[in-house]
Engineer: 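Structure incoming, see below.
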There are 2 protein chains.
Amino acid sequence: MDDTKTRIARNLDTQFASMGFAAPGVDSLRDGADVSLRTLYKYYPSRDAMVVGALEHRNTAYLDWISGGPETGIEHVLHIFNQLGAWLENVANTGCLFINALAAYPNDPEIRAVAERHKDAVRQVFADRVEKISPASDITMLAEALLSIHEGQTNMAMIRGAEAAQITALHLAQTLLQNEGIQ
Amino acid sequence: MDDTKTRIARNLDTQFASMGFAAPGVDSLRDGADVSLRTLYKYYPSRDAMVVGALEHRNTAYLDWISGGPETGIEHVLHIFNQLGAWLENVANTGCLFINALAAYPNDPEIRAVAERHKDAVRQVFADRVEKISPASDITMLAEALLSIHEGQTNMAMIRGAEAAQITALHLAQTLLQNEGIQ
DNA sequence: CTAATGGTAGAACGATCGTTGTACATGTGA
DNA sequence: TCACATGTACAACGATCGTTCTACCATTAG
């Protein structure tokens, strides 16, 4: 399961998260990936491909990270914000890797595609969780709003710290859901 | 008023916003700034200084952009989200320039400082506007939450479009304020 | 007329970039 | 034992990077 390509992708993810997309050269990425330059290029034949590989790894890693949690009540939805908070606190607090990649390469269609796919997936997680606890509510609107809170939390954490951002996001989400009669 | 240095800063802002911080080299920045390389380096003696100069320009430009609007009622606060929406629709929809800079140079203290200063200023705008229409409310909490919505709108616009992000942000802000008895 | 100011054009520098090449080591299945 | 897949180490390529250089032009105040 943990084959070479996956291990490289995980290390690339870590590297881009901590150094940004502009700074690290391929030599630095190879150091972080802990493989030879030849092997690195074998699996990711260009620096662009390394960026995309890191994003694809992050997509599955993050969706896995936010899975689980309480199965009933409003906590089933709020779990996402708690997990995001834990990620920002313990893994990396450098903003959303997808947004950062999109900002670094605004005109790259492949990066835009993988970023949109990821955000759609997170939005779908919110939609599924809202539907599970309140099938009659306006699920489309709520998923959109919850994703917006999620994005706000990610950005705010960079500026004001992970904990403060999490408290604010939880408060916003609770207010939103309770306003729809969900609790 | 529109001296050479200001004009350069405005053009650098535009350039970084449309191309990101990684891609454009100094030669490209000079093209966009529409001055000679010598003059560019005279006012901004390194590429890092050009980044900071663009951010400082953006700080004043954005604070100016969101000023004004209705003087009473909830619209006094919601004006900010309308103006942000108009910016994302008509000026640039490439995320927050400060967050993007922070993402590109995560370990640069000067860039971190100017980014934090900017977000503090926007938060203060929210605080002032909330206090003006509702002096008795929990201004600190509301300013923090409104800034979080503001950040969410900026990120969401990149993925789902400026208009959808604005509608969601307005809905969130209205729900938040009405929940505090403000309308 | 002169000197200073603030600008332009463009060549050139060393360093670093992304990428590819050659040469060699290791383990594994036939 | 042999072929082969998969890995390493590291030199080297041309291109591009940020930065500095020399040389020249236009305006204006003394």
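Keep in mind the model is a prediction, meaning the values are calculated, not measured. Residue numbering restarts at 1 for every chain, and letters A, B, ... go by the order of the sequence lines. As a basis for the values below, the full set of heavy atoms in this structure was taken, side chains included, without hydrogen atoms, waters or symmetry mates.
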Engineer: Could you tell me which residues satisfy side chain to side chain contact (heavy atoms under 4.5 Å, CB included) with A:Arg123, sequence neighbours excluded, listed by chain and number?
Structural biologist: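 Partners of A:Arg123 under the side chain to side chain contact (heavy atoms under 4.5 Å, CB included) test: A:Asp120, A:Ala143, A:Glu144, A:Leu147, B:Arg160.
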Engineer: The criterion is salt bridge (Lys or Arg N to Asp or Glu O under 4.0 Å); which residues satisfy it with A:Arg129, sequence neighbours excluded?
Structural biologist: none
Engineer: Under the side chain to side chain contact (heavy atoms under 4.5 Å, CB included) rule, collect the residues that match up with A:Asp128, sequence neighbours excluded.
Structural biologist: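 Listed in chain order: A:Gln124.
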Engineer: For B:Glu71, give me all partners under salt bridge (Lys or Arg N to Asp or Glu O under 4.0 Å), at least two apart in sequence or on another chain.
Structural biologist: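 With neighbours one apart ignored, the set is B:Lys132.
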Engineer: Which residues within residues 15-22 of chain A lie with some heavy atom under 4.0 Å of an atom in DNA chain C?
Structural biologist: none
Engineer: For DNA chain C, which nucleotides open and close the run of contacts to chain A, 5' to 3', at under 4.0 angstrom from a non-hydrogen atom?
Structural biologist: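 Listed 5' to 3', the contact boundaries are C:dG18 to C:dT22.
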Engineer: Taking side chain to side chain contact (heavy atoms under 4.5 Å, CB included) as the test, write out the residues that go with B:Ser36, two or more places apart.
Structural biologist: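 Expected list: B:Arg38, B:Thr39.
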Engineer: What verdict does the side-chain contact (heavy atoms from CB on, under 4.5 Å) test give for A:Gln83 and A:Ile80, after you've listed the backbone C-alpha separation in whole Å, the side-chain angles of each residue and the deciding distance to 0.1 Å?
Structural biologist: CA-CA 5 Å; A:Gln83 287 300 100; A:Ile80 309 297; 5.9 Å; no
Engineer: Could you tell me which residues satisfy salt bridge (Lys or Arg N to Asp or Glu O under 4.0 Å) with A:Asp34, sequence neighbours excluded, listed by chain and number?
Structural biologist: none
Engineer: Just to verify, what does B:Thr140 make a side chain to side chain contact (heavy atoms under 4.5 Å, CB included) with, not counting sequence neighbours?
Structural biologist: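 Testing B:Thr140 for side chain to side chain contact (heavy atoms under 4.5 Å, CB included), a comparison that skips the adjacent residues, returns B:Asp138.
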Engineer: I'd like a table of donor-acceptor pairs (distance under 3.5 Å, sequence neighbours excluded) in which one partner is a side-chain atom from residues 103-113 of chain B, with atom names and distances.
Structural biologist:
residue, atom, partner, partner atom, Å
B:Tyr105, OH, B:Phe21, O, 3.4
B:Tyr105, OH, B:Arg47, NH1, 2.9
B:Asp108, OD1, B:Glu110, N, 2.9
B:Asp108, OD1, B:Ile111, N, 3.2
B:Arg112, NH1, A:Met158, O, 3.2
B:Arg112, NH1, B:Glu116, OE2, 2.9

Engineer: What are the atom names and distances for every N/O pair under 3.5 Å that joins the protein to nucleotides 6-8 of chain D?
Structural biologist:
residue, atom, partner, partner atom, Å
D:dG7, OP1, A:Thr4, OG1, 2.6
D:dG7, OP1, A:Tyr43, OH, 3.4
D:dG7, OP2, A:Lys42, NZ, 3.3
D:dG7, OP2, A:Tyr43, OH, 2.8
D:dT8, OP2, A:Ser36, N, 3.0
D:dT8, OP2, A:Ser36, OG, 2.8
D:dT8, OP2, A:Thr39, OG1, 2.5

Engineer: For residues 161-183 of chain B, tabulate all N or O donor-acceptor pairs below 3.5 Å that involve a side-chain atom, not counting sequence neighbours.
Structural biologist:
residue, atom, partner, partner atom, Å
B:Gln166, NE2, B:Asn82, OD1, 3.0
B:Thr168, OG1, B:Ala164, O, 3.1
B:Thr175, OG1, B:His171, O, 2.8

